[in-house]
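Notes follow the structure.
Atoms within each ligand, like the ligands themselves, are counted from 1 in listed order.
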Amino acid sequence: MATDPFAVAKEYFYRYAAPLELEKRYPRRDILEHLTTPDRSIEFRLTFQRDDDSNCVCQAYRVQFNDDRGPYKGGIRFHPVVDLAETKALAFWMYLKTAVVEIPFGGAKGGVAVDYQSLSLPEKERLTKRYAVVLLNDIGSQKDIPAPDVNTSEREMGWILDVWRMIHGLYDRAVVTGKPISIGGSQGRREATGRGVVITVAEAAKELGLRLDQASAAVQGFGNVGSVAASLLQQCGVQVRAVSDVGGGVMNEKGLDIPRLVEHVKSGQGVSSFPGGQAISREAVLSAKVDILVPAALEHAIMAENAPAIQATLIAEGANGPVGPDAMDILNEKGVTIIPDILCNAGGVTVSYFEWVQNRQEFYWPLERVNAELEQVMLRAYHAVSDLARREKVTLREAAYRIAITRVAEAAARRGVQ
Ligand code: GLU
């Protein structure tokens with residue numbers, strides 16, 4: 001099996017699309033090629049000025065994969081391992097994700113290969129603004145709408161909005177989502193991905209006969225997604241026993257005090273130095289003896305080598321592509337239920353959609369409304385996927401792919417000759 005993330009993503013797509021017989025349904029459209037080839041990949045040199053007046057040159061990307069169902073949509077990540085293949089894979093999953101939850105967007109993703117966390121605040125701002133300036137004619141509220149992803153947050157979205165306004169002279173807030181609330185962000189956007197993860201976990205647990213108030217969990221990654229998922233799981237009565245971040249892990253058999261752990265991390269420290277548990281390795285968090293595992297960091301965290309050690313019976317993919325190629329088959333054979341990324345973590349882009357709607361109307365919703373609408377979207381998507389999985393005796397991932405592919409193929413065909 002290939003290891004290039006985009007090649008892997010395509011292999012799975014072909015596998016799940018095969019029973020849909022798209023070429024028969026849409027003859028002479030070259031539909032499979034259409035659905036697996038990015039519309040456009042933008043790769044560019046990004047130079048920004050360091051504080052000591054030297055220049056730093058990085059590779060930067062924006063992949064606009066598919067807009068058959070609506071404008072391109074997807075996050076921007078700043079991370080040393082970003083490359084074109086990864087960005088393509090992430091953009092590919094984005095258009096499938098927006099189709100699973102049926103929001104009117106396509107899929108895109110962007111990134112810069114840079115050790116962003118080591119930069120000073122002014123360097124971060126210069127880099128982000130330079131990235132936005134280069135892409136100024138490629139993004140837009142009706143074209144391609146960026147959002148936060150790994151190492152980016154509302155701060156970076158605020159900077160991009162500022163660039164847009166300076167150069168176009170327009171206060172077009174809907175050009176990015178995940179902005180600070182003070183300049184048009186949505187209530188609940190920051191927590192939305194983690195909240196969506198927990199909504200799907202609660203539904204899957206019901207179907208599996210697993211009582212959340214008697215269940216335990218481990219969370220890999222304690223960024224925006226992992227920390228919110230851990231807090232909300234604990235609020236549902238789940239004992240969160242193990243958590244990891246880039247620097248290591250922490251474990252407490254009786255359950256970690258998540259609000260205290262959040263405070264500890266906010267003060268700039270890693271989870272492993274948290275006094276409310278014992279330090280363990282990152283690997284040990286993945287194989288902890290728990291019912292629920294939430295991988296919420298980067299792709300391919302679970303591979304053929306570490307999959308056999310996993311003890312959880314339910315995996316909720318908070319990250320994009322955390323379960324690598326061969327690991328999927330190993331876990332499926334073990335009978336582990338996996339809530340796939342394109343469903344599980346779609347809460348973020350769903351509230352991004354709500355933010356875009358609010359910006360276009362300049363009418364802002366209270367948090368209760370955002371959360372209620374999010375729950376409705378996630379429940380509808382979850383049950384469509386789980387009903388199909390049961391009916392067709394396939395995994396939740398395969399069912400989610402079939403639903404997404406069917407919707408996008410139909411939209412592509414309806415647009416006529418392209
Ligand atoms: N980066 C997030 C994702 O992977 C959110 C994208 C968005 O809100 O557009 O789903």
Side-chain angles (χ1 to χ4, degrees), residues 5 9 61-67 69-79 82 86-112 135 139-154 156-157 160-161 173-180 184-197 199-200 221 223-226 228-229 295-299 316-322 339-359 370 374 377-378 381 400 404:
Y61 310 90
R62 183 74 180 168
V63 174
Q64 298 175 327
F65 208 107
N66 182 289
D67 72 345
R69 297 182 53 264
Y72 301 108
K73 184 84 191 83
I76 298 171
R77 71 169 57 176
F78 294 152
H79 193 276
V82 165
E86 185 200 51
T87 313
K88 281 185 183 173
L90 291 162
F92 190 27
W93 293 327
M94 253 348 274
Y95 92 75
L96 295 168
K97 193 184 301 189
T98 53
V100 172
V101 284
E102 248 188 320
I103 56 174
F105 290 134
K109 196 72 145 210
V112 179
L135 290 176
I139 61 173
S141 62
Q142 300 287 332
K143 246 188 209 176
D144 181 357
I145 306 124
D149 198 81
V150 175
N151 285 335
T152 56
S153 65
E154 50 190 52
E156 282 72 18
M157 300 307 115
I160 296 174
L161 179 64
R173 301 181 207 269
V175 64
V176 281
T177 59
K179 296 178 289 292
S186 177
Q187 298 285 343
R189 173 61 186 87
R190 195 187 311 156
E191 299 79 20
T193 311
R195 182 171 289 277
V197 168
I199 293 170
T200 63
N224 179 41
V225 182
V228 173
L298 296 175
E299 311 81 84
E317 295 187 335
N320 294 309
I339 311 171
D341 48 5
I342 58 170
L343 168 65
C344 188
N345 69 40
V349 73
T350 299
V351 176
S352 274
Y353 166 52
F354 299 157
E355 182 172 327
W356 183 77
V357 167
Q358 293 171 74
N359 290 155
V370 173
L374 170 63
V377 170
M378 294 303 294

Side chains of Leu90 and Tyr61: closer than 4.5 Å at any heavy-atom pair?
no
For ligand 1, which atoms, with element, lie under 4.0 Å from some heavy atom of Lys109?
1 (N), 3 (C), 4 (O)
Residue Lys97 vicinity, atoms of ligand 1 by number, heavy atom under 4.0 Å:
3 (C), 4 (O), 10 (O)
Would you mind checking which non-hydrogen protein atom is closest to atom 9 (O) of ligand 1, with the distance to 0.1 Å?
Lys73 NZ, 2.8 Å
Would you please classify the geometry between the Trp356 ring and the Phe105 ring as parallel, tilted or perpendicular, with 30° and 60° separating the classes?
perpendicular
Asn320 contact mode with ligand 1 (heavy-atom cut-off under 4.0 Å):
side chain
Test Met378 against Thr200 for side-chain contact (heavy atoms from CB on, under 4.5 Å), laying out the working first.
CA-CA 7 Å; Met378 294 303 294; Thr200 63; 3.6 Å; yes
Show the nearest heavy-atom pair for residues Ala400 and Ile342, with the distance to one decimal.
CB-CD1, 4.0 Å
Heavy-atom closest contact (Pro146 atom, Ile76 atom, distance):
CB-CD1, 3.6 Å
Is the shortest N/O to N/O distance between Thr177 and ligand 1 below 3.5 Å?
no
Below 4.0 Å from ligand 1: does a non-hydrogen atom of Gly74 turn up there or not?
yes
So is Met157 touching ligand 1 or not, going by heavy atoms under 4.0 Å?
no
Looking only at protein heavy atoms, identify the closest one to atom 8 (O) of ligand 1 and say how far it is in Å.
Ser352 OG, 2.6 Å
Val370 and Arg195, any side-chain heavy atoms less than 4.5 Å apart:
no
For the residue pair Ser352 and Arg189, confirm or rule out a side-chain donor-acceptor distance under 3.5 Å.
yes
At a 4.0 Å threshold, what atoms of ligand 1 neighbour a non-hydrogen atom of Met94?
3 (C), 4 (O), 6 (C), 10 (O)
Does Pro148 reach ligand 1, in the sense of a heavy atom lying below 4.0 Å from it?
yes
What protein heavy atom sits nearest atom 7 (C) of ligand 1, and how far away is it?
Ala147 CB, 3.3 Å
Could you identify the single nearest non-hydrogen protein atom to atom 5 (C) of ligand 1 and state the distance to 0.1 Å?
Arg189 NH2, 3.6 Å
Is it true that, when you exclude Arg190 itself, more than 12 heavy atoms of the residues, nucleotides or ligands shown sit nearer than 6.0 Å to its CZ?
no
